[in-house]
Amino acid sequence: MSNEFTATQLLERVTTSRVAPGNERVRKIADRIVGDLFRAIDELDVQPDEFWAGVDWLARLGSAGQMGLITAGLGFDRLLDIRADEADERAGRLGGTPRAIEGPLYVAGAPLARGESRLDDDGPHPGDVFVMEGRVVDTEGRPVAGAVVDVWHANEHGRYSHFDPEQPAYALRRRIETDDQGRYRFRSFLPPGYAIPPDSPTSELFTALGRHGNRPAHIHFLVAADGQRTLTTQVNIPGDTFIDDDFAFATRDGLVLKLEKNVAAAGYESLGVTGPFTRSRFDFVMQKAVDATEADPQARLARALA
Ligand code: MBD
Ligand code: FE
């Protein structure tokens, strides 16, 4: 047998050579992606210098911990949500708070509080005192007691604790368990938007693509309760210039908060509120889980690797 082959014969060899069955699904996906890349290299006449610069970029992207920034920035995270929405629609599963992307900056194990919490107790933080409050309910409007609302957002510099060595562990991250009426509330401040780190592999690509790397101001949630479908979502803070131009394409209608300014402090003393503050009311509506997997309270990576 000859060891000289054409590109087509090479692809055939790459995708069929094996000494064991391996994993059929992995093989199918890998073979497809390799085939698509062979074709792209051919059709675009990708030069060796371009190929190796790209490989180096991927290696640097991985060691910078920025894979999740790129999946979001190239639309893959939103794509998976669009596909999940379409599957729900086909299955007649309507209602509930819209899902929105988790993003790459979730950290499991935030401190757990009952009913209410401050997120900003590592502060002081500038800006208005902000309280978000509401209930977790099911699609019939019944309160979900004991739901865990895991919330995280950026600090005033647009950076997230854990990834930013300047912040204490779990700053601006909490889990809040709803009370017997399904209520949660927390105090924090209104975060600014997020911008991808400059001089990083991600910004290199975005500059080459002529794109910006800004997200509008937002707050993330992972809401979990027994028997309910785990909800990953985000809310946006109104008025941000990037609200309809998110680099991660993650803004959703129905998830832009309404803010009430100059609310009186009475009733909010337990959150350390002493003067007028900004409030937003928001209820999370959870769908019933159809199986245990849907009620898995874990975030995306832990789920994927379970
Ligand atoms: C973020 O804060 C974020 O939420 C996403 C999806 C990507 C980058 C930074
Ligand atoms: Fe974020």
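Order of appearance sets the numbers: ligands from 1, and atoms from 1 within every ligand. The residues of the chain are indexed from 1 along the displayed sequence.
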*Indicate whether any N or O donor in one side chain lies under 3.5 Å from an N or O acceptor in the other, for Arg173 and Ser161.*
yes

*Between Glu102 and ligand 1, find which residue part has any heavy-atom pair under 4.0 Å and reply side chain, backbone, both or neither.*
neither

*So which N/O/S atom does His220 have closest to the Fe ion (ligand 2)?*
NE2

*Taking all heavy atoms of Pro98 and all of Thr233, pick out the closest pair and write down the distance.*
O-OG1, 2.9 Å

*Would you indicate whether Arg114, at its atom CZ, is surrounded by more than 12 heavy atoms from other residues, nucleotides or ligands within a distance under 6.0 Å?*
no

*Just need the protein heavy atom nearest to atom 8 (C) of ligand 1, so name the residue and atom and give the distance.*
Leu69 CD2, 3.3 Å

_Per-atom contacts, ligand 1 versus Tyr160 - under 4.0 Å to a heavy atom_ = 2 (O)

*Is Pro104 near ligand 1, meaning one of its heavy atoms is under 4.0 Å from it?*
yes

*Should you measure from each heavy atom of Tyr194, which atoms of ligand 1 turn up under 4.0 Å away?*
2 (O), 8 (C), 9 (C)

*Could you tell me whether the Fe ion (ligand 2) has an N, O or S atom of Tyr160 under 2.8 Å away?*
yes

*Which protein heavy atom lies closest to atom 3 (C) of ligand 1, and at what distance to 0.1 Å?*
Arg215 NH1, 3.3 Å

_Tell me which one of Phe277, Phe186, Phe130 satisfies ring-ring contact (aromatic ring centres under 6.0 Å, His included) with Tyr268._
Phe277

*Tell me yes or no: between the side chains of Asp245 and His212, is some donor less than 3.5 Å from an acceptor?*
yes

*Could you tell me which N, O or S atom of His218 is nearest to the Fe ion (ligand 2)?*
NE2

_Contact atoms of ligand 1, heavy-atom distance to Leu105 under 4.0 Å_ = 1 (C), 2 (O), 9 (C)

*Pull out every atom of ligand 1 sitting under 4.0 Å from any heavy atom of Gly103, numbered as shown with elements.*
6 (C)

*May I ask you to check whether over 12 heavy atoms, not counting those of Arg27, lie within 6.0 Å of atom CZ?*
yes

*Taking Tyr160 as the fixed residue, which of Leu105, Asn155, Val107, Leu172 is the one that meets the side-chain contact (heavy atoms from CB on, under 4.5 Å) rule?*
Leu105

_Close-contact set for ligand 1 against Ile101 heavy atoms, below 4.0 Å_ = 6 (C)

_Is there a ring pair (Phe, Tyr, Trp, His ring centres under 6.0 Å) between Tyr194 and His153? Walk through the geometry before answering._
CA-CA 10 Å; Tyr194 169 92; His153 70 73; over 10 Å; no

